[in-house]
Amino acid sequence: MTDIKVDARGKLCPVPLVMTKKEFDRLEEGQRMFTLVDNDTSAQNVRTFVLESGGRAEMNKEGNVTTLTITKGARKTSGEAEGYCRVDAPDAPHVIYVSRSRIGNGEPEELGRGLMQAFLQTIKDVRPLPSHVIFMHNGVTLLETGSKTAEAAMELEKLGVTVVACGTCLDYLGLMDRRACGKVSNMYDILTLLTTAGRVVAP
């Protein structure tokens, strides 16, 4: 039987996955097919899909084009293609990570605190907006009720930005009941946000 070739160059996820799955599900055990993509993330997503569907996938990249040599395994069916689609990092929304109450090191501290206040107040004026602003360590002190930095964070929430505060940090600093805004979160969720963000901005 002739090997099947899927040309998914110029297409973004989930299209390469959908095209590959359509032909992959028709293959007999041991039969090969080839998928061509020019996007590294799509190549990895197709490979993950094939491996988790019981097949084998070898990648060979020449220039910006990756050829996946795919061999059907014993399993006859596969999961939904969209479930294996991870967005390209450059196109994913960015996240702002605030782990300190001021910008810069050393003296004068007042300058650093003023810069941080200005930074948070300016986020709303720059496009695109971040998907999340994450506060950790003594950065959570910026969310204390009555502070101008907390007011800036509340303005961001009104614009649809999710403000996230480290629960462990709030507890340690005795600020759990004194925060003005923000979703209390844990290390797992915060790390997930950071690793899946298009980029992380840390003032």
Got a sec, which pairs hit side chain to side chain donor-acceptor pair (under 3.5 Å) with one end in residues 162-188, sequence neighbours left out?
Glu144-Arg178, Asn186-Asp189

Kindly give the heavy-atom pair with the smallest separation between Leu51 and Ala57, and that separation in Å.
CD2-N, 4.1 Å

Hydrophobic clustering (ILVMFWY, side-chain heavy atoms < 4.5 Å, transitive) - are Ile4 and Val37 grouped together?
yes

More than 12 heavy atoms of other residues, nucleotides or ligands under 6.0 Å from CD of Glu58: is that the case?
no

Do Ile123 and Phe119 have side-chain heavy atoms sitting under 4.5 Å apart?
yes

Among the clusters formed by ILVMFWY side chains lying less than 4.5 Å apart, do Met59 and Val46 turn up in the same one?
yes

Can Phe34 be reached from Met19 by stepping across I, L, V, M, F, W or Y side chains whose heavy atoms are under 4.5 Å apart?
no

Test salt bridge (charged side-chain N to carboxylate O under 4.0 Å, His left out) on Lys148 and Glu151; report intermediate values, then the result.
CA-CA 5 Å; Lys148 291 187 180 298; Glu151 292 175 5; 5.1 Å; no

Give the minimum heavy-atom separation between Leu142 and Met116, together with the two atoms involved.
CD1-CG, 3.7 Å

Value rounded to 0.5 Å, distance of CG in Leu143 from SG in Cys166:
11.0 Å

Any Val163 side-chain heavy atom under 4.5 Å of Phe135 side chain:
yes

Interatomic distance, OG1@Thr196 vs NE2@His132, rounded to 0.5 Å, equals 8.5 Å

So, Glu155 and Lys158, do they make that salt bridge, N to O below 4.0 Å?
yes

How about Lys61 and Asp40: do any of their side-chain heavy atoms sit closer than 4.5 Å?
yes

Are there more than 12 heavy atoms of other residues, nucleotides or ligands under 6.0 Å from atom CE of Met187?
no

Leu27 CG to Thr71 OG1 distance, which is reported to the nearest 0.5 Å:
9.0 Å

Within a strict 4.5 Å, meaning less than it, do heavy atoms of the Thr66 and Asn60 side chains meet?
no

What's the separation between atom CG in Asp38 and atom CG in Asn64, rounded to the nearest 0.5 Å?
5.5 Å

Please walk me through it: do Ile190 and Met136 pass side chain to side chain contact (heavy atoms under 4.5 Å, CB included)?
CA-CA 9 Å; Ile190 289 173; Met136 288 192 75; 3.8 Å; yes

For the residue pair Pro203 and Ile96, what are the closest heavy atoms and their distance?
CD-CG2, 4.3 Å

Validation row: Val95, Ser131 side chains within 4.5 angstrom (heavy atoms):
yes

Tell me whether Lys72 forms a cation-pi arrangement with Phe24, defined as NZ or CZ under 6.0 Å from the six-membered ring centre and within 45 degrees of its axis.
yes

Considering all heavy atoms, the nearest Ser42-Asn39 contact
N-OD1, 2.8 Å

Flag yes if Met154 and Leu129 sit in one hydrophobic cluster, no otherwise; membership is Ile, Leu, Val, Met, Phe, Trp, Tyr, and two members link when side-chain heavy atoms are under 4.5 Å apart.
no

Would you mind writing out the side-chain donor-acceptor pairs for residues 5-17 within the sub-3.5 Å range, not counting sequence neighbours?
unit_1	atom_1	unit_2	atom_2	d
Asp7	OD1	Arg9	N	3.2
Asp7	OD1	Arg9	NE	2.8
Asp7	OD2	Arg9	NE	3.4
Asp7	OD2	Arg9	NH2	2.6

Find out whether Leu156 and Val133 are in side-chain contact, i.e. whether some heavy atom of one side chain is under 4.5 Å from a heavy atom of the other.
yes

Please list all pairs passing the side chain to side chain donor-acceptor pair (under 3.5 Å) test where one or both residues lie in residues 93-102, with sequence neighbours left out.
Arg100-Asn105, Ser101-Arg113

Rounded to the nearest 0.5 Å, how far apart are OG of Ser147 and CG of Leu120?
9.0 Å

Examine distances only and state if a side-chain atom of Gln31 and a backbone atom of Glu28 form a donor-acceptor pair shorter than 3.5 Å.
yes

Which heavy atom of Ala150 sits nearest a heavy atom of Cys181, and at what distance?
O-SG, 4.0 Å

Is any side-chain heavy atom of Val164 closer than 4.5 Å to one of Leu193?
yes

To the nearest 0.5 Å, how far apart are CD in Gln117 and CD1 in Ile103?
11.0 Å

Determine, step by step, whether Ile70 and Thr35 satisfy the side chain to side chain contact (heavy atoms under 4.5 Å, CB included) criterion, reporting the C-alpha distance in whole Å, the side-chain angles of both residues, the deciding distance to 0.1 Å, and the verdict.
CA-CA 8 Å; Ile70 298 166; Thr35 295; 3.7 Å; yes

Side chains of Ile134 and Val98: closer than 4.5 Å at any heavy-atom pair?
no

